[in-house]
Amino acid sequence: MNRIYCAIGKIVEVTQFIEVRLGDICEKSEIIKEFSRHAKMTKEAYEQIQSDAGYIKDKMLTMTFGAMIGVIYESKSLSYDETTELKTLLEKRNYFTHEYFKYTTFENAKEQDIVEEFEALKEYLARLKKFLNRLEIIYAGQKERLEYLIAKNNL
């Protein structure tokens with residue numbers, strides 16, 4: 001049983017890392033979009049855009065995971081497929097954090113049943129980690145793109 005508790009704890013932890021990275025990605029995405037709207041960015045405009053994007057990021061960190069996905073979808077910070085996958089991951093995360101123990105009892109469970117449950121949780125956790133790794137790649141690309149745009153505009 002402890003393995004199941006630990007797996008669900010790890011699921012919650014990785015989900016929180018995803019939430020933080022989504023805020024970062026949305027922030028950078030908003031700034032990059034503004035660069036594409038200006039032929040030449042002034043320092044004042046850049047500082048305002050940074051402030052506005054930082055506000056969005058801070059606001060996202062207070063939202064539910066579902067509300068964050070809505071912001072990501074509206075801002076087009078991720079592709080449609082990535083947003084759809086994120087929704088699927090959220091649904092499963094919600095089940096494990098809010099309903100799993102209501103509907104899954106282990107009072108008379110056989111060891112094999114517990115092992116199977118643990119293996120299913122591990123598979124889901126692996127999907128979460130893979131998604132987080134993709135977000136890290138997206139974020140690294142955004143940081144690189146933003147550095148280029150800042151240098152190009154002498155900011």
Side-chain angles (χ1 to χ4, degrees), residues 2-101 116-155:
N2 284 341
R3 292 180 289 184
I4 289 174
Y5 292 128
C6 288
I8 290 175
K10 195 66 176 169
I11 286 168
V12 170
E13 178 187 38
V14 172
T15 303
Q16 289 176 341
F17 287 136
I18 288 172
E19 290 175 359
V20 169
R21 191 51 74 215
L22 288 172
D24 294 336
I25 287 171
C26 191
E27 175 188 39
K28 297 291 185 242
S29 178
E30 291 299 310
I31 296 169
I32 290 168
K33 279 190 249 179
E34 285 300 318
F35 268 105
S36 69
R37 292 183 184 119
H38 295 81
K40 177 74 173 150
M41 179 78 67
T42 66
K43 184 168 181 63
E44 294 78 22
Y46 175 66
E47 288 171 356
Q48 182 61 52
I49 291 164
Q50 263 190 314
S51 176
D52 294 347
Y55 175 79
I56 292 169
K57 175 185 171 179
D58 291 344
K59 200 78 170 140
M60 285 179 72
L61 294 176
T62 66
M63 295 176 179
T64 65
F65 198 12
M68 287 182 84
I69 292 172
V71 172
I72 291 293
Y73 177 78
E74 290 296 321
S75 71
K76 299 188 181 354
S77 297
L78 295 177
S79 72
Y80 176 80
D81 289 341
E82 290 163 333
T83 305
T84 300
E85 183 178 357
L86 188 58
K87 286 179 187 177
T88 300
L89 292 172
L90 168 65
E91 289 168 3
K92 287 188 178 197
R93 191 285 317 238
N94 284 346
Y95 172 75
F96 289 126
T97 57
H98 300 295
E99 299 175 26
Y100 182 76
F101 291 106
E116 287 175 12
E117 282 293 314
F118 178 66
E119 290 302 317
L121 288 167
K122 279 183 15 183
E123 284 179 31
Y124 173 65
L125 181 57
R127 284 184 63 201
L128 279 175
K129 287 179 177 180
K130 184 177 178 182
F131 193 83
L132 178 59
N133 286 339
R134 287 202 331 259
L135 292 179
E136 295 294 347
I137 291 166
I138 291 167
Y139 181 63
Q142 285 180 319
K143 283 177 54 177
E144 190 174 301
R145 175 80 177 137
L146 196 51
E147 288 170 7
Y148 166 78
L149 291 170
I150 290 167
K152 180 181 171 190
N153 284 269
N154 297 317
L155 299 173

Task: Residues, nucleotides or ligands: over 12 heavy atoms within 6.0 Å of Tyr55 OH - done: no
Task: Atom NZ of Lys40 with >12 non-hydrogen neighbours under 6.0 angstrom - done: yes
Ring pair (Phe, Tyr, Trp, His ring centres under 6.0 Å) involving [X] - partner list, sequence neighbours excluded:
X: Phe96; result: Tyr100, Tyr124
X: Phe101; result: Tyr5
X: Phe131; result: none

TODO: Check the pair Leu78 / Leu135 against side-chain contact (heavy atoms from CB on, under 4.5 Å), numbers first and verdict last.
DONE: CA-CA 9 Å; Leu78 295 177; Leu135 292 179; 3.9 Å; yes
- [ ] Start with the C-alpha distance between Thr15 and Leu132, add both sets of side-chain angles, then the distance that settles side-chain contact (heavy atoms from CB on, under 4.5 Å), and finish with yes or no.
- [x] CA-CA 8 Å; Thr15 303; Leu132 178 59; over 6 Å; no
With [X] via side-chain contact (heavy atoms from CB on, under 4.5 Å) - residues at least two apart:
X: Ser36; answer: none
X: Lys87; answer: Ile69, Thr83
X: Phe118; answer: Arg3, Ile4, Ala7, Lys122

- [ ] With the side chain counted from C-beta on, respond yes when Glu30 and Ile56 share a heavy-atom pair under 4.5 Å apart, and no when they do not.
- [x] yes
For [X], all residues meeting side-chain hydrogen bond (donor to acceptor under 3.5 Å, both in side chains), sequence neighbours excluded:
X: Tyr46; answer: Gln50
X: Gln16; answer: none
X: Ser75; answer: Ser77

Task: With sequence neighbours excluded, residues passing salt bridge (charged side-chain N to carboxylate O under 4.0 Å, His left out) with Glu82 - done: none
Compile the donor-acceptor pairs under 3.5 Å between side chains in residues 57-65 and protein atoms, sequence neighbours left out, one pair per line.
unit_1, atom_1, unit_2, atom_2, d
Lys57, NZ, Asp24, OD1, 2.6
Thr62, OG1, Lys59, O, 2.7
Thr64, OG1, Ala67, N, 3.1

Scan the side chains in residues 142-155 for donor-acceptor partners under 3.5 Å anywhere in the protein, sequence neighbours excluded, and list what turns up.
unit_1, atom_1, unit_2, atom_2, d
Gln142, NE2, Ile25, O, 3.2
Asn153, OD1, Met41, N, 2.9
Asn153, ND2, Leu149, O, 2.9

Open item on the list: So that I can tick it off, tell me whether Glu123 and Arg127 are bridged by a salt bridge, with the cut-off set at under 4.0 angstrom between side-chain N and carboxylate O.
Closed with: no
